[in-house]
J.: 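Mind looking over this structure? Questions follow.
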Amino acid sequence: MSVRIFVTGNPGVGKTTLVLKISEALRDKGIKVGGFTTREVRERGRRVGFKIKALDTGEEGTLAWAGLDGPRVGKYGVNLQDLNEIGVEAVERALREADVVIIDEIGAMEFKSKKFAEAVEKAIESEKPLLAALHRRWVDRFKDRGKLYVLTVENREKVREEILLELLKELKGI
Ligand SMILES: Nc1ncnc2c1ncn2[C@@H]1O[C@H](COP(=O)(O)OP(=O)(O)OP(=O)(O)O)[C@@H](O)[C@H]1O
C-alpha cells in the first residue's frame with residue numbers, strides 16, 4: 001500500500017511552507033513532484049484572497065478572492081475555472097506523470113468543485129505517494145485514509161524531516 005500523508009494544523013502554522021520545502025528537497029534528488037500549492041494574498045495587511053499554483057509548470061491563478069462572483073466560502077468567492085484548470089489539472093497530471101502527488105490543500109474552497117473532489121479520491125486510491133495539507137474541519141473525513149500529522153510551531157521542523165524520510169523510503173529505487 002502506498003503512503004498517504006495528511007498534514008493539518010492551525011491557520012498559518014506552516015503547512016504550505018512544509019509542502020514547498022519537501023517538494024524542493026525531493027526535486028533536488030531528481031524526484032518528480034506534481035500537484036498544487038495555495039497561498040494567501042494580503043493587501044495593506046488584510047487578507048484579500050488566495051492564489052493557486054501548479055507545482056510542475058509554475059502556472060498560477062486565483063483560487064478565491066474577496067467579493068468575487070462564485071461559490072462562497074466566508075467573504076471569498078471561489079474561482080472554479082482556475083481551481084479546475086490549474087489545481088485539478090495539476091493533480092491529474094501528477095497522477096499520470098509524477099512520482100509524488102501534492103495537494104495543498106483539501107478544504108472548503110477546494111470542495112466547491114466536484115472535479116476537485118474526484119481528483120482527491122483518485123489521488124488517495126492511487127499507488128503514488130500522496131502528501132496533502134488538510135484543513136482542520138476535514139480531518140475527521142480523511143484521518144483514517146492515511147497518516148495524519150498535526151503541525152505546531154514546536155514540531156514543524158521535526159515533522160518535515162520525518163515526512164521527507166518517509167517519502168524517500170517509499171520512493172527508493174526511483
Ligand atoms: N518552519 C518554519 N520556520 C519559519 N517560519 C515558518 C515556518 N513555517 C512557516 N513559517 C512562516 O509562517 C507563515 C505561515 O506559513 P504557511 O503559509 O506555510 O502556513 P499555512 O499553515 O500553510 O497557512 P494557511 O493556514 O494559510 O494555509 C509564513 O510567513 C511562513 O514563512
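Note that ligands are numbered from 1 as they come in the structure, with each ligand's atoms numbered from 1 the same way.
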J.: Taking the six-membered ring for Trp and the full ring for Phe, Tyr or His, determine whether the centres of Phe111 and Trp138 are under 6.0 Å apart.
T.: yes
J.: Is it true that Lys122 and Glu118 make a salt bridge, defined as a side-chain N closer than 4.0 Å to a carboxylate O?
T.: no
J.: Indicate whether atom 16 (P) of ligand 1 is within a distance of less than 4.0 angstrom of some protein heavy atom.
T.: yes
J.: Between Thr17 and ligand 1, does any nitrogen or oxygen pair lie at a separation below 3.5 Å?
T.: yes
J.: Counting heavy atoms only, name the option from Ala133, Gly12, Pro11, Gly107 that's nearest to atom 13 (C) of ligand 1.
T.: Gly12
J.: With a 4.0 Å cut-off on N to O distance, would you call Asp99 and Lys128 a salt bridge?
T.: no
J.: Find all atoms of ligand 1 within a distance of less than 4.0 Å from any non-hydrogen atom belonging to Thr16, and give their numbers and elements.
T.: 18 (O), 20 (P), 22 (O)
J.: So for ligand 1, is Arg156 a polar contact partner (N or O within less than 3.5 Å, distance only)?
T.: yes
J.: With a 4.0 Å cut-off on N to O distance, would you call Arg42 and Glu40 a salt bridge?
T.: yes
J.: Specify the protein heavy atom at minimum distance from atom 20 (P) of ligand 1: its residue, its atom name, and the distance to 0.1 Å.
T.: Lys15 N, 3.4 Å
J.: For Glu162, is there an ion pair with Lys158 - N to carboxylate O distance below 4.0 angstrom?
T.: yes
J.: What protein heavy atom lies closest to atom 19 (O) of ligand 1? Include the residue and the distance to one decimal.
T.: Gly14 N, 3.1 Å
J.: Are Lys51 and Glu60 close enough for a salt bridge, meaning some N to O gap below 4.0 Å?
T.: no
J.: Considering only heavy atoms of Glu157, which atoms of ligand 1 have at least one such atom less than 4.0 Å away?
T.: 1 (N), 2 (C), 3 (N)
J.: Out of curiosity, is Gly9 lining ligand 1, as in a heavy atom under 4.0 Å away?
T.: no
J.: Under 3.5 Å between any N/O of Leu18 and any N/O of ligand 1: does that happen in this structure?
T.: no
J.: By the salt bridge (charged side-chain N to carboxylate O under 4.0 Å, His left out) test, which pairs, at least two apart or in different chains, include something from residues 145-154?
T.: Glu121-Arg145, Glu125-Arg145, Lys147-Glu166
